[in-house]
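All remarks here apply to the structure that follows.
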Amino acid sequence: MKAEHPRFPAGADSLIKKHLTPKVYAALSGKKTAAGFTLDAAIRSGLENPDSSIGIYIGDKDAYPLFEKVLAPIIREYHKLEADPFHTRVHRDDFSPVSLPAPDPEGSFILSTRIRVARNLNSLPFCPHMTAQERVVLEKKTRDALLQLPKDLAGRYISFTDLGPENYDALVAQKLAFAKGDRFQEAAGLNRDFPTARGVFLSRDKGFRVWVNEEDHLRIMALSTNADLSAVFNRLAKGLAHLSACLKFAFDPGLGFLSSCPTNIGTAMRAGVHIRLPKLDRQRDRLKEIVARHHLQIRGTGGEKTAVDEAVFDISNALRLGVSANQTVRDLHAGLLEIITLEKNL
Ligand code: CIR
């Protein structure tokens, strides 16, 4: 018997609702990856959360080609692609170092800079579809690789498994540990067995960090409390090169690095700053225009789906596929220069 096409709630405006037509659903609903991941599991978050913007999470690397019929239009629309990423080499890899002048040398606007990439191992299902045991395997492989980082990035790995609620809460309060996922991630299965085998790696100066078993197997990041975008990017590139030599990451020539949310494929990179813009806060249309022209996005002060507090905006790249990591940082830099110049002149 054919499964009935799911009814997305009225008012939902997600890409999954738009592209999962009854015909596409009928073609895909009976399919399962070798690891047992289905379309119904992939769309659960979008069905349970009518305010989803995308509404689909991917449970293993084989689900990308298996569910191509629905993923191709979603990926093309989100990443603004002309070419078909499933059959064309769209991904551009370039982590060569950058050397850009600091966009805010006096530190008058930019409060912090953070660049992260998502990476998933080829050998395990992705986080929405992992068992507790698989998360433990991932944690061990990652810990072994992290313990061999070059000296300037070396540090400690803290597993949440044995931390206890008080110590864990203290780390979250210090923004050193990630919190349990939101309702979108909950519905996707990302909180299953939390906090088992989740953890964070912190370099001694805390400027290089790795989250383990959050939305993706690894979120590898470099950060600083100033605006030196180049230093942050180059530090990330160094840590990533080491981890890429130790671990085999899921990669496709068209789709780039695969991730559990299709918005994150490609470079899987988000490069951004927290920036205080009291004048542009009162002229948000002008800010939005610059942000759109440079292919950037604005998030709230507390991250995705939060509000902007006290004129502190989180501004980062919106595109990850078809643009290289190196170019992404240059685009962010150019956008920030324009934003800061306008803020100064208002
Ligand atoms: C959603 O569909 O709204 C959530 N699953 C989050 C999607 C990823 N975030 C984003 O594109 N900004």
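Read the numbers this way: they start at 1 and go in the same order the structure lists the ligands and their atoms. Quantities reported herein were computed from a predicted structural model and do not represent experimental measurements.
Listed by chain and number, the residues in a side chain to side chain donor-acceptor pair (under 3.5 Å) with Asn49 are Arg183 (sequence neighbours excluded). Considering only residues two or more places apart in sequence or on other chains, Tyr78 meets the ring-ring contact (aromatic ring centres under 6.0 Å, His included) condition with none of them.
Both the backbone and the side chain of Ser52 come within contact range of ligand 1, each with a heavy atom under 4.0 Å.
Closest to atom 4 (C) of ligand 1 among all protein heavy atoms lies Tyr57 OH, 3.6 Å. The protein non-hydrogen atom at the shortest distance from atom 12 (N) of ligand 1 is Glu304 OE2, 2.9 Å.
At least one N or O atom of Ile54, backbone or side chain, sits closer than 3.5 Å to an N or O atom of ligand 1. The shortest N or O to N or O distance between Ser45 and ligand 1 is not under 3.5 Å. At under 3.5 Å, a nitrogen or oxygen of Ser53, whether backbone or side chain, sits near a nitrogen or oxygen of ligand 1.
Under the 6.0 Å cut-off for aromatic ring centres, Phe178 and Phe160 qualify, their centroids lying closer than that.
Heavy atoms of Arg299 come nearer than 4.0 angstrom to ligand 1 in at least one pair. The closest approach between a heavy atom of Gly55 and any atom of ligand 1 is below 4.0 Å. Taking 4.0 Å as the cut-off, Ser14 does not count as a neighbour of ligand 1 on heavy-atom distance.
Relative to the ring axis of Phe201, Arg156 does not place its NZ or CZ within 45° and under 6.0 Å from the centre. The cationic group of Arg114 lies under 6.0 Å from the six-membered ring centre of Trp211 and within 45° of the ring axis, placing it in a cation-pi geometry.
Taking 4.0 Å as the cut-off between side-chain N and carboxylate O, Arg219 and Asp216 count as a salt-bridged pair.
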